[in-house]
Amino acid sequence: MEQTRSELKPVLVFDSGIGGLTVLREARVLMPERGFIYVADDAGFPYGSWEEEALKARIIALFGDLLKTYQPEVCIIACNTAFTLAGADLRAAFPQMTFVGTVPAIKPAAERTRSGLVSVLATPGTVKRAYTRDLIQSFASQCHVRLVGSENLARMAEAYIRGETVTEADVLAEIAPCFVEKNGARTDIVVLACTHYPFMANLFRKLAPWPVDWLDPAEAIARQARRLVPSVPGEDHPEDFDFAVFTSGAPDFSTRRLMQGFGLDIRG
Ligand code: DGL
């Protein structure tokens, strides 16, 4: 049955912080008729260093509330650290909801690499997940995959996008382990396996010891969401709808300004 305007539900985009905005901007292009709710669990940020069971319980509990309050059409988990840990549990706990996940783009990287040397830049949490190891085993067993877990880059990306100063030498120290030379071959693809990192892609390009492809999965995630969200021809985006929710309840001034730049009011 075709949905009418009053039944058109919003799309919820979730991340631990502002990294999911890299996915939101692509999703909006592909689903212009939908309203968007951006949820940042900034009270739990950064997710990268959480103990797994505690983080999983936190995310499941949070979604219990979010689904009840906002009743979205679909939830995009725009966070590798969250989805590689809790994706299956979210689907099991809320079988009536559609979850679109974000996982390290290891498969496309393995298909594209010419040198066979691929690096995955992610949070320490994503790097140690069984999910990530399984992706490598299933899709990249013919490649040499270097997993680089960065303690600091998600925080740096938050600072950078808010316009704070980030020292280039510090950024270089985080990305340098991605660059591997082996038997005359060099890394040619770095998977950006944290949604915060594409915000810094220009800086990464500038600092890289040699040119590589920086693989950002945001568009592929948005395309997957579009496939799952019924399109309603002739519908316009609901006016003044889009908003952001911060679990801290108190995003700082520069975060508010950033949200405004994305056309998101702050609620909750
Ligand atoms: N943006 C998140 C991701 O894609 C992680 C940031 C964090 O450490 O919370 O993994």
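The figures here come from the full heavy-atom set of this structure, side chains too, leaving out hydrogens, waters and symmetry mates. Both counts, for ligands and for their atoms, begin at 1 and track the order of listing.
Using cut-offs of 30° and 60° on the angle between ring planes, the pair F14 and Y47 is tilted. Relative ring orientation between F63 and F94 is described as tilted, the plane-to-plane angle lying within the 30° to 60° band. Ring pair F179/W210 is perpendicular by interplanar angle, where above 60° counts as perpendicular and below 30° as parallel.
Checking only distances, T123 never comes within under 3.5 Å of ligand 1, N or O to N or O. Here's the thing with D15: one of its N/O atoms is less than 3.5 angstrom from an N/O atom of ligand 1.
Shortest contact from atom 2 (C) of ligand 1 to any protein heavy atom: C79 SG, 3.3 Å. For atom 6 (C) of ligand 1, the closest non-hydrogen atom of the protein is S16 OG, 3.4 Å. With respect to atom 10 (O) of ligand 1, the closest heavy atom belonging to the protein is T81 OG1, 2.4 Å. Nearest protein heavy-atom contact of atom 8 (O) of ligand 1 is G48 N, 3.2 Å.
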Next on the checklist: Under the criterion side chain to side chain donor-acceptor pair (under 3.5 Å), I'd like the reasoning laid out for N80 against T102: C-alpha separation, chi angles, the key distance, then a yes or no.
Outcome noted: CA-CA 5 Å; N80 296 262; T102 303; 5.6 Å; no
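Within ligand 1, counting atoms from 1 as listed, the ones closer than 4.0 Å to a heavy atom of Y47 are 7 (C), 8 (O), 9 (O). Atoms of ligand 1 lying under 4.0 Å from any heavy atom of F45, numbered from 1 in the order shown and given with element: 7 (C), 9 (O).
At a heavy-atom distance under 4.0 Å, atoms from both the backbone and the side chain of P46 approach ligand 1.
Taking the six-membered ring for Trp and the full ring otherwise, F243 and F241 have centroids separated by under 6.0 Å.
Using a 4.0 Å cut-off between a side-chain N of Lys or Arg and a carboxylate O of Asp or Glu, R58 and D41 qualify as a salt bridge. Comment: E26 does not engage R223 in a salt bridge, judged by the lack of any side-chain N to carboxylate O separation of less than 4.0 angstrom.
Look at C194 and you'll find a heavy atom under 4.0 Å from some atom of ligand 1.
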